[in-house]
Each structure stands twice: as C-alpha cells, then as structure tokens.
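The chains referred to below are lettered A, B, ... by the order of the sequence lines, with proteins before strands, and numbering in each begins at 1.
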Amino acid sequence: MSISPRDLMRYHDGELSPGEARDIEQALDDDDEAQEHLLALEQLGDLTRAWAEQRSADQVNLVDGVMARIERQKPEPSALAPARSAAPIVASVLALAAAAALFVTLRRPVAERAVPTLPSAHSVRLVDPKPSPSEARSADAPLAEPAVPAPAVAIEAVDFGENHGSIFVVSSASGDTPVVWLSEGPAISPPRTHPL
Amino acid sequence: MRYAISLSLAVSIAASAPVVRGEPKPPPSASAKEKPAAPKADEFAAEVMILHATHSKKGVDPRIGDLPELKDSPFSFYPSYELLTKAKLPLKKNDPKTLTLPNGRVLQTSLLETLPEESVLLSASINQPNGKDFLPLLKVKAKLGQAFIVAGQKYKSGILVLVIRVVR
C-alpha cells in the first residue's frame, strides 16, 4: 500500500479514524520512504512547536520588558513626596532668612558694621564684629540716625595673599580686640566664645 | 518654590532701601566748622609691640604692660611672652613707614584716612624682602588707643605677636 503525503500528514496530525490509522501503520512497516517522511513531519512538528513556544515566551518577555521599563520610568512616589512636602518648608526658610536680613539691616547701618572673624580666606571685605550691649536701641528709633557707636576697632579688609588666616575677636575687660591670625603658626582654633 | 524665590527677592529689595538710608551721612561742612577740628594726620602714630610667644616658663614680660588678651584663647596657648621691640610709626597719608620684624619680614603701615571721633583708617602689610608679600593688605579702622593684633608668624620655637595700637 502506498501512503499518500496527505494521509501521512493526517495520520501525523491524528485526524484519521482508528481503522485508517491502523492501515497506515501497517503500510509504514514496509515503506521506508514513508517512515522518513513521517519522521520529517515529526521533526518539523517539533521545530514548529519549539518555535511557537519560543515565540510565545518572547512575547511574554517582551510584554514583561515593556511593563518593567514603564515601571522604571515612572517617578518614584517616594522621591516626589518629599519634594512636594519640602516646598513649603523651603519657602518658609527663605522667607524667614529674608525677614531676618531685613531686621538686622534695619537695626544696624552698614557703615557701622565690622567683622571680627573670618575662618579662612585670601581676600575679604569685612564688616563689624558683633553688637555690643550699647548697640541695643529701640526698634522705632529713626533709621537715619546712627544711634549706635561705631566699634573701636574694625578690620575693614584683609588680603592673605597666598597664605591663609583667620580673623576673630578676643574680648577682655578692655574691650574687643580684633585678631588677625596668620596660618604660619600652629593650628589654633579661634575661641568659640566669639564667633562671627 | 517660585513663590519662595519671589518672596525672598521682594523682601531683599525692600531691605536694600533702609540700608542706604541707614548709612551715616557725612557731616555737613557748616557743622564741621563748629565742631573741634579733626586732629591732623601727623598727630597719629601706630605703636607696635612685637612680642615673642613661646612655651618657655618665663611668663609675661612686665614691659608689655596690661594686655589681658594674652590670658585668653588662643594666646593663652603660649605661657611666655617677651617684648622684643616697641616702636612708634608715624601715620601719615602717602608716607608709609616700615619696621623690620625679627624674622626679617617688614611691617609697613600707612594712614589711609583720618576719621571723626579720633579714628583713623590705616593699612598695614607684611612683606618678605626679595619674596612674595606675606600679608599683602590689612585695612583697619581704629580709634585712638584701641589695639588690634596680628599674630601667627613663626619665630624661634614660637610665634610673633604684633600688637598695634593707634596713639598720638
């Protein structure tokens, strides 16, 4: 019995009746070429299934990959939350800082300020050290009248050149004494009691 | 955030106006005639005491006089202060005076401006002969009798402490 390719394919696909299938099996015993064809069909089927499974897996992976990428590109909720919550705080801090600067400026004319300490700098412009008790005056005093006496000594400017140094004030019974400490000496921290 | 920046700018602009008003006005020429004349520039001088601070146990040189700053930090780090030199450098405009320090450097002082209330604006610098300036510029506004200190230069197992005071 000669097996047609169509019957062989139907047998391979399980589409034949049990009787037809039995006839094909008997014919295959004597038909080497049909056996090779059947084997080829099985291999082709295996390849097709493998390809289909692989494609299915790739599609799943592709979907997973796309979704994962979308997830990665989403802004982190934890990153957004602090920014939103920090905005009012930053605004408040800036407003307070500006108000403090305004308050200090209104209370003390610029010309009367002189800075006593500067941690480390090459060239600086300095302003007044610190308000002495006598500098206290009522808030409603006229601004144009400098009721506060100028400091006895004020470092107006320092250029340390290529060196470093610090400026601070040493307070004693005789008053505040500005000190310019050059870096050539041993490292000594300025007194903590009189920072700028 | 933009609100905060805008608020800060607004407050800063508002703050700038009082600064200008708050600066002391220069004395009018009419009233200046009524007040005592400002001391002449050549009446001021910079009295410079050069002290040598060391860890020796000699204590404070009595020639230094009363200088309570030496008892406070960071000067109290050195228990011994010896007066090496005491000099008086006349303060005149456009006429800088120099004083050679024990370490070979040169202290130069100059009067920049005579200010009201017996104050002067002076400049000081410490130069290294044949070298770069050690302390190119120090500009100080000081009242008569008030001192400021320049310290830290290494010298013979110690440091130099320059006590500079405006005197007549």
Task: Taking every non-hydrogen atom, the tightest pair across B/Ala147 and A/Val153 - done: O-CG2, 3.7 Å
Open item on the list: Does B/Asn94 have more than 12 heavy atoms from other residues, nucleotides or ligands lying within 6.0 Å of its CG?
Closed with: no
Task: Residue B/Leu160 versus chain A: region with a heavy atom under 4.5 Å - done: neither
Open item on the list: Applying a strict under-4.5 Å side-chain criterion to I, L, V, M, F, W and Y, I'd like to know whether B/Ile159 and B/Leu83 cluster together.
Closed with: yes
Task: Atom pair NZ/CG of B/Lys154 and A/Leu182 - distance to nearest 0.5 Å - done: 12.5 Å
Task: B/Leu137 with B/Val150, same ILVMFWY side-chain cluster at under 4.5 Å - done: no
Open item on the list: Applying a strict under-4.5 Å side-chain criterion to I, L, V, M, F, W and Y, I'd like to know whether B/Val163 and B/Val106 cluster together.
Closed with: no
Task: Closest non-hydrogen atom pair, A/Phe160 against B/Leu135 - done: CD2-CD1, 3.9 Å
